[in-house]
Amino acid sequence: MRPSGASIIHINVTDFAAAVAVAKNPSLADTPFVVAMEGSARTVVLTPSRRAWEEGVRAGMPLRLAKQRIPSLQVLPWDRQSTAKADAAITTIAQAYSPSIQCDRGGHIYLDMQGTTRLFGPVVDSAVHIRGEIKEKLNLDASVAVASNKLVAKVGTRTTRPAGLIQVREGDEASFLAWQDVSLLSGVGVATARLLSVAGITTIGQIAALKDDQVLAFLGKRGLALRDAARGLDSSPLQTGLPEKRLVQRKIRFAAPILEMDALHAAVVAAGEDAALAMRSAGLGCAKIQIALLYSDGRRSEASLRTKGQWVYDHEITLVAWKVAQLAASRRVHVLSCSLSLAELSPLAPTLDLFLPDAQHRSDSLQQAVDRMRHKFGPGILTHATAIAHA
């Protein structure tokens with residue numbers, strides 16, 4: 001349990017890739033442009049500039065639709081090197097104030113300032129200094145919030161973006177959240193917001209007021225966690241370390257050593273679906289998939305594949321994981337266990353929920369529907385037929 005006190009700082013640089021592009025080239029400041037990932041199957045806007053946003057372009061919008069809205073729209077490739085440098089620079093600034101830091105990349109950082117007041121004074125003073133240093137050294141405007149937990153701090157930065165500072169004092173969490181729009185609450189995506197709107201629920205406080213039976217009937221078991229979040233309750237610790245060094249791992253130990261590829265295929269699909277659900281629930285996608293096999297003679301074999309973009313969906317991850325498993329399965333020896341790792345994690349690129357249906361939109365909608373069913377009834381409620389062979 002975390003010590004009491006409003007000691008969490010959240011730093012949020014809105015539309016990070018576009019903000020970095022403007023910091024690098026100030027002439028873009030009043031230009032409608034978007035950042036999009038070249039060569040990606042998801043031909044969507046990753047980040048709009050402030051001018052493009054004012055003219056109706058949103059993250060997740062199909063690029064063709066954005067160009068229809070703004071014929072003069074400029075399209076910039078995602079500058080990985082510059083955004084990585086900016087992320088590293090923000091991290092360096094933040095680390096000077098606390099060793100307990102969670103770096104989510106994309107201009108998002110959490111700090112736990114517990115025990116730092118003797119060095120830096122009140123936590124809100126540190127927040128002011130951090131925001132000032134980011135502006136002075138990097139020419140980036142940031143929203144910064146101070147609160148008692150990560151959830152409330154994150155909502156805080158969303159209320160002040162693209163730039164600002166807010167402090168939510170301990171004990172004021174529920175009253176602060178009560179009048180905020182439901183879309184600002186973590187866990188409320190487009191589909192959930194639409195469902196809540198049908199019931200006339202538009203503010204976070206209305207979710208907080210729901211009784212257990214109302215939540216269960218309306219949103220299922222997962223809704224209880226959402227209701228607790230609406231009340232400002234969050235005990236999740238900081239996930240220290242850089243996201244690209246984190247892993248989502250699943251290991252399957254076979255009841256008896258296997259030699260059949262069908263059984264290995266089933267294990268890879270089952271592990272891939274479970275790991276992908278956990279990854280998406282954390283708001284992450286992966287750029288590397290690795291498989292390790294342990295054989296009955298004690299030897300191991302490994303293989304991996306990378307992408308320049310992100311793998312997010314079950315069908316992507318299970319397909320690539322099976323290709324990797326086939327690369328790893330280079331020996332005709334019985335297999336004792338199979339380990340799958342989703343690595344090089346980064347925040348999810350936007351989805352297409354708000355816009356016109358196309359093939360990618362259907363994939364997004366289907367995956368979200370499957371995830372909702374798994375959260376409500378358990379991960380095993382829906383699975384690929386291939387995985388049944390492993391049961």
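None of these values were measured; they are calculated from a predicted model. Sequential numbering from 1 along the given sequence is applied to the chain's residues.
Judged purely by distance below 3.5 Å, without hydrogens or angles, the side chains of Ser341 and Gln290 never pair a donor atom with an acceptor atom.
A donor-acceptor pair is defined here as one N or O able to donate and one able to accept, closer than 3.5 Å; no such pair exists between the side chain of Thr116 and the backbone of Leu119. Of the possible donor and acceptor atoms, one in the side chain of Arg227 sits under 3.5 Å from a partner among the backbone N and O of Leu210. The closest donor-acceptor contact from the side chain of Ser337 to the backbone of Lys251 lies at 3.5 Å or more, if one exists at all. In this structure, Arg231 contributes its side chain and Ala208 its backbone to a donor-acceptor pair below 3.5 Å. A donor-acceptor contact shorter than 3.5 Å is absent between the side chain of Gln167 and the backbone of Val123. Put simply, the side chain of Thr91 gets close to the backbone of Asp87: a donor and an acceptor are under 3.5 Å apart. Side chain of Arg158 to backbone of Leu184: a donor-acceptor contact under 3.5 angstrom is found. A distance-only check finds a donor-acceptor pair linking the side chain of Arg69 to the backbone of Gly56 [under 3.5 Å]. Remark: the backbone N or O of Ser235 is not paired with any side-chain donor or acceptor of Asn149 at under 3.5 angstrom.
Other cluster members for Leu294: Leu336, joined by side-chain heavy-atom distances under 4.5 Å among Ile, Leu, Val, Met, Phe, Trp and Tyr.
Two residues are said to be in side-chain contact when any heavy atoms from C-beta on lie closer than 4.5 Å; Thr157 and Val144 fail this criterion. Inter-residue side-chain proximity for Val312 and Arg280 is flagged as met; some heavy-atom pair is nearer than 4.5 Å. Proximity of Trp322 to Met261: side-chain heavy atoms (C-beta onward) are separated by under 4.5 Å at one or more points. Within the 4.5 Å cutoff, side-chain heavy atoms of Ser296 are placed close to those of Val333. Thr31 has its side chain out of reach of Arg51: every pair of non-hydrogen atoms, C-beta onward, lies at least 4.5 Å apart. Looking at Val45 and Leu63, their side chains come closer than 4.5 Å, going by heavy atoms from C-beta outward. Using a 4.5 Å cut-off on side-chain heavy atoms (C-beta onward), Leu28 and Leu76 make contact. Considering only heavy atoms from C-beta on, Val215 comes within 4.5 Å of Leu224 through its side chain.
Nearest heavy atom pair, residue Asp112 against residue Ser98, reads O-OG, 2.7 Å. Of all heavy-atom pairs between Ala303 and Val324, the closest is O-CG1, 3.0 Å. Across all non-hydrogen atoms, the minimal contact from Val248 to Ala275 is CG1-O, 3.5 Å. In terms of heavy atoms, Ser126 sits closest to Ile9 at CB-CD1, 4.3 Å. Ala147 approaches Ala153 most closely through the heavy-atom pair CB-N, 3.6 Å.
Residues that satisfy the side-chain contact (heavy atoms from CB on, under 4.5 Å) test with Gln81, not counting sequence neighbours, are Asp79, Lys85. The salt bridge (Lys or Arg N to Asp or Glu O under 4.0 Å) check on Asp141 picks up Lys135, with sequence neighbours excluded. Residues satisfying the salt bridge (Lys or Arg N to Asp or Glu O under 4.0 Å) criterion with Arg300, sequence neighbours excluded, are Glu302. Shown here are the ring-ring contact (aromatic ring centres under 6.0 Å, His included) partners of Phe33, two or more places apart in sequence or in another chain: there are none. Scored by the salt bridge (Lys or Arg N to Asp or Glu O under 4.0 Å) test, Glu173 finds no partners at all (sequence neighbours excluded). Remark: Trp53 engages no residue in a ring-ring contact (aromatic ring centres under 6.0 Å, His included) (not counting sequence neighbours). In this view, Tyr110 and His10 satisfy the ring-ring contact (aromatic ring centres under 6.0 Å, His included) rule, not counting sequence neighbours. Residues that satisfy the side-chain contact (heavy atoms from CB on, under 4.5 Å) test with Ala271, not counting sequence neighbours, are Arg250, Ile252, Leu340. Scanning for side-chain hydrogen bond (donor to acceptor under 3.5 Å, both in side chains) contacts around Gln214 gives an empty result, with sequence neighbours left out. Here Arg131 pairs with nothing under the salt bridge (Lys or Arg N to Asp or Glu O under 4.0 Å) rule; sequence neighbours left out.
Annotation: the span from Leu73 atom CG to Ser49 atom OG amounts to 7.5 Å, rounded to 0.5 Å. Atom CG of Leu65 sits about 11.5 Å away from atom CZ of Arg58, to the nearest 0.5 Å. Here the straight-line distance linking atom CG of Leu177 with atom CG of Leu233 works out to 9.5 Å at 0.5 Å rounding. To the nearest 0.5 angstrom, Ile109 atom CD1 is 7.0 Å from Ile134 atom CD1.
In summary, Glu54 and Arg50 do not engage in a salt bridge, as defined by a charged side-chain N under 4.0 Å from a carboxylate O.
Within the structure, no pair that satisfies the ring-ring contact (aromatic ring centres under 6.0 Å, His included) test touches residues 121-179, not counting sequence neighbours.
Surrounding CZ of Arg169 are at most 12 heavy atoms belonging to other residues, nucleotides or ligands under 6.0 Å away.
Cluster annotation: Leu293 is not connected to Leu259 through the hydrophobic network of ILVMFWY side chains, with a link wherever side-chain heavy atoms come within less than 4.5 Å.
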